[in-house]
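Indexing begins at 1, ligand by ligand and atom by atom, following the structure's order.
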Amino acid sequence: MADVLYFNGRFTTTEERVLGVEDRGFQFGDALYEVFKFVGRRPAFLNEHYRRLEQGLRALEIRNPWTGEAFAAAMRELLGRTEFDDGIVYIQISRGEAERSHFWPEELEPTVVAYSRRFRFPDAVKKELGVKVITTVDRRWHFCNMKSVNLLGNAMGKKQAQRAGADEALLLADGFVREGASSSFFAVRNGALITHPLDEHILPGVVRDRVIGLALASKIRVDERPLREAELFDLDEAFLTSTTQGVMPITAIDGRAIRNSRRGAVTGELQQSFDELERGSADG
Ligand code: PLP
């Protein structure tokens with residue numbers, strides 16, 4: 001079924017082939033993307049997603065087509081035209097279209113696409129059962145703090161996880177755990193959270209940031225430091241966070257059960273408080 005598509009300021013559907021073959025996003029991966037969730041056609045954490053997009057575009061010197069207000073208006077119109085209530089919006093902004101050359105022209109009009117799509121968010125059963133993960137090598141480029149469309153390293157990790165009967169791949173480098181292929185990673189040890197600090201090795205996850213805030217508000221200590229690979233063998237709990245999964249318990253790593261393969265108490269508490277915060281954000 002065709003989805004509603006925003007393309008360079010107009011609305012069409014995903015049936016229309018809109019991109020040229022010399023779009024730099026297609027040929028060079030010269031593009032950023034964003035994904036936000038909507039519930040009852042109301043976007044969750046829209047400002048946070050815009051802010052990350054805006055920062056990434058500025059860092060890569062890609063012209064930002066939207067002010068915060070224009071972005072919100074375009075997204076609300078997209079959701080107004082959407083025929084279902086809950087789902088995700090995928091947004092991609094490339095530097096633009098130009099005759100293929102590594103040297104990009106200074107003044108390019110960005111190519112902007114956004115479409116809404118149905119999405120099956122995890123239900124209460126899945127949220128309790130959690131997911132299994134594997135560990136693999138982080139094969140990504142050096143600017144993982146940007147939400148770049150260069151996702152081949154991530155996709156290779158995910159495919160490896162799927163073939164191993166797992167849901168997600170934890171990406172390791174230099175003996176440390178960085179994050180999931182499409183999620184942030186948290187360990188729980190002695191009642192405290194451990195998660196990788198914000199730097200070029202991980203994406204600044206919107207849910208990661210909210211969860212840290214919720215933990216601190218509940219007097220749960222948060223250590224933002226890289227977790228050594230060896231520490232994976234001695235965790236009390238672990239979980240992933242992402243826009244599409246919220247807070248998702250990890251029940252096994254590389255086939256080893258974490259404790260008794262049950263959602264831990266800290267994970268459960270943060271999962272519940274995050275879901276409430278998200279509902280509030282989508283209401284506002
Ligand atoms: N890390 C990576 C590599 C991701 O691709 C994602 C989401 O797609 C995340 C973390 C989680 O980010 P967010 O919480 O903003 O969805």
Note, Leu227 side chain near Phe185 side chain (heavy atom, < 4.5 Å): yes
Side-chain heavy atoms of Arg225 within contact of Ile194, under 4.5 Å: yes
Glu168 and Lys158 ion-paired at < 4.0 Å: yes
Closest protein heavy atom to atom 1 (N) of ligand 1, given as residue, atom name and distance to 0.1 Å: Glu179 OE1, 2.6 Å
Over 12 foreign heavy atoms within 6.0 Å of CZ, Phe84: yes
Numbering as shown, the atoms of ligand 1 that approach Arg140 to under 4.0 Å (heavy-atom distance): 3 (C)
Any Arg52 side-chain heavy atom under 4.5 Å of Pro204 side chain: yes
Minimum-distance protein heavy atom relative to atom 3 (C) of ligand 1: Ala181 O, 3.5 Å
contact_flag Arg210 ligand 1 heavy-atom lt 4.0 Å: no
Nearest protein heavy atom with distance in Å, relative to atom 16 (O) of ligand 1: Thr243 OG1, 2.6 Å
Subset of ligand 1 atoms that lie under 4.0 Å from at least one heavy atom of Val207: 14 (O)
Closest to atom 5 (O) of ligand 1 among Ser184, Cys144, Gly180, Ser182 (heavy-atom distance): Ser182
Polar contact flag, side-chain donor to acceptor under 3.5 angstrom, Glu179-Ser184: no
Ring centers of Tyr90, Tyr33 separated by less than 6.0 Å: yes
Heavy atom of the protein closest to atom 8 (O) of ligand 1 (residue, atom name, distance): Lys147 NZ, 3.1 Å
Sub-4.0 Å heavy-atom approach of Pro204 to ligand 1: no
Close approach of Arg52 to ligand 1, heavy atoms, under 4.0 angstrom: yes
Closest approach of any protein heavy atom to atom 12 (O) of ligand 1, naming residue and atom: Gly205 CA, 3.5 Å
Phe119-Phe121 aromatic ring centre distance below 6.0 Å: yes
